[in-house]
Amino acid sequence: MHHVVLDQWSRRSSPLHRRDPRAKLIPLIVFLVVLATSHRLLPVFSACLFALLCVTLLWARVPLGGVLARAAIVLPFTIVFAAVTWVAGDPARGAALVLKSYLSALAVLAVVSTTPLPVLLRGVEMLGAPRFLLMVSQFLYRYLFVVSEEAQHMRKAAASRGGSFRAAAGALAVLFARSYKQAGEIHSAMLARGFQGRFHPLAAPHFHAADTAFLIFASSAPVLLRVAIERMV
Amino acid sequence: MAALIEVRGLHYRYPDGTAALRGVDFHLEEQESVALLGANGSGKTTFALHLNGLLAGEGSVTVCGLGVNRQSAGQIRRKIGFVFQDSDSQLFMPTVIDDVSFGLLNQGHGAQESAGRALAALERVGMASAAAKAPYHLSAGEKKRVAIAGVLAMDPQILVLDEPTTFLDPPAQRALISLLQELPQAKILITHDACFAAELCTRAVFFDKGRIVGEGSVLELVKSFGWDSAVRR
């Protein structure tokens with residue numbers, strides 16, 4: 001079975017893993033807003049936020065190098081825009097773009113790698129996101145693994161007959177047809193167990209005192225850092 | 001005593017016009033286990049999907065005294081637990097406990113009661129330790145057990161199992177036979193595995209081109225239709 005690494009990390013155990021998803025999502029939003037709206041002394045502020053995120057990831061016992069490398073996946077996109085901005089005569093803005101996008105990706109990964117996606121989606125739902133959208137995300141996530149395994153079986157079948165995976169269009173069509181068939185079977189399986197168009201959650205997560213304490217600390221840390229750095233000017 | 005399932009003159013055509021069932025008559029008594037045998041495409045699964053209203057053909061289907069139609073489908077699905085061939089189609093919820101509770105929550109049971117009954121069902125199939133796991137982290141045999149727990153939790157009167165031994169290794173097949181032998185419910189087993197059917201079923205029917213062409217004990221039927229080599233193995 002092939003599973004995404006993030007999913008494995010998110011099922012580890014640490015004080016951060018045990019926090020309620022809402023206690024991580026709200027600070028994430030605060031972090032992103034504070035970072036996106038900061039201008040003065042951005043390199044210093046970015047370095048402080050980077051250190052804060054690294055300490056958080058070490059505390060969460062997820063591989064720091066692995067998360068740092070995965071956050072860099074956004075760089076090819078932002079570097080292009082940064083280069084255009086640089087050429088247009090605003091190198092500071094280009095550098096800020098790279099810093100902000102990398103730190104944002106790192107912060108998102110810190111939350112995603114410490115919260116299993118179903119739990120995270122439940123947290124998002126409890127914060128008021130549309131239920132239908134989350135249901136689609138949940139199904140997409142659940143069957144991503146099944147479709148991915150199906151694709152790997154097809155690749156192996158093609159390779160075992162001496163072929164490469166060149167006939168990608170044909171293989172994609174078959175993969176789509178199989179996924180469509182499976183979607184029909186899933187719907188039948190849901191109806192067979194009495195589904196009437198609404199998912200009923202088994203249990204709502206409990207928000208403990210430790211979650212409140214973490215929420216206050218994690219939300220105020222980037223704000224306090226920014227205030228302190230801007231006062232230095 | 002009235003039969004649990006009574007089917008008379010059932011006909012069904014696929015949307016493309018292909019005749020899948022051509023006048024099927026069938027009955028199932030209390031605590032009886034019946035095997036549906038026959039080649040691929042002979043109509044076994046199509047027939048079974050009519051029993052809980054997932055397909056609707058011409059003819060009469062009565063389950064526990066209720067005629068199967070759109071209005072009675074909800075009640076019928078409480079009485080028939082359907083275990084699908086592909087467990088991945090049946091295990092669509094993010095965690096095992098969420099999945100096993102799915103039917104109970106749809107029936108209107110409270111979250112606490114559903115979780116308790118789901119755990120009891122998981123214990124019954126030896127999967128209680130996997131309650132918090134994601135379904136894609138389970139082996140094929142474990143998925144099958146969880147799928148069975150999902151229907152057992154709903155305490156149906158009749159179990160329909162479609163190719164339950166698919167993807168199972170011999171020890172897992174043996175474990176499944178032991179589990180099914182312990183269950184008091186009436187059972188319909190759709191299978192190509194004559195040995196498996198012979199261990200569990202007192203009666204079998206043989207499907208060919210959408211009709212039941214033979215009825216008797218499993219051993220009699222496999223002999224008369226040339227499937228006895230599979231039993232001698």
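When reading the values below, keep in mind they use all heavy atoms of this one structure, side chains included, and skip hydrogens, waters and symmetry mates. In what follows, chains carry the letters A, B, and so on, assigned in the order in which the sequence lines appear, proteins first and then strands, with residues in each chain numbered from 1.
Note on Ala189(A), Gly184(A), Pro116(A): by heavy-atom pairs under 4.5 Å with chain B, the leading option is Ala189(A).
Of the candidates Lys181(A), His187(A), Glu185(A), Met190(A), Ser89(B) forms a side-chain contact (heavy atoms from CB on, under 4.5 Å) with just one, namely Glu185(A).
Here Met93(B) contributes atom CE and Phe139(A) contributes atom CZ; the two are 7.5 Å apart, rounded to the nearest 0.5 Å. With rounding to the nearest 0.5 Å, the separation of CG in Leu191(A) from CZ in Phe82(B) is 12.0 Å.
Environment of CG in Leu75(A): crowded, with over 12 heavy atoms of neighbouring residues, nucleotides or ligands closer than 6.0 Å. By the 6.0 Å contact criterion, CZ on Arg8(B) is enclosed, its count of non-hydrogen atoms from other residues, nucleotides or ligands being greater than 12. Shown here is Phe207(A), whose CZ atom has more than 12 heavy atoms of other residues, nucleotides or ligands within 6.0 Å. Atom CD of Glu113(B) has more than 12 neighbouring heavy atoms from other residues, nucleotides or ligands inside a 6.0 Å radius.
Residue Phe92(B) touches chain A through both its backbone and its side chain, counting heavy-atom pairs closer than 4.5 Å. Proximity to chain A (any heavy atom under 4.5 Å) is shown, for Ile76(B), by neither the backbone nor the side chain. Asp99(B) touches chain A through backbone and side chain together, each having a heavy atom under 4.5 Å away. For a residue to count as touching a neighbouring chain, one of its non-hydrogen atoms must lie under 4.5 Å from one of that chain's; by this rule Asn52(B) touches chain A with the side chain only. There is no contact between Leu104(B) and chain A, counting heavy-atom distances below 4.5 Å.
Minimum heavy-atom separation, Gly194(A) to Asn106(B): O-CB, 3.4 Å.
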Walk me through whether Arg11(A) and Lys133(B) qualify under side-chain contact (heavy atoms from CB on, under 4.5 Å).
CA-CA 9 Å; Arg11(A) 290 175 192 279; Lys133(B) 282 188 180 177; over 6 Å; no
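With Arg193(A) contributing its side chain and Gln90(B) its backbone, the two residues share a donor-acceptor pair below 3.5 Å.
Looking at Gln182(A) and Asp86(B), their side chains do bring a donor and an acceptor atom within 3.5 Å of each other.
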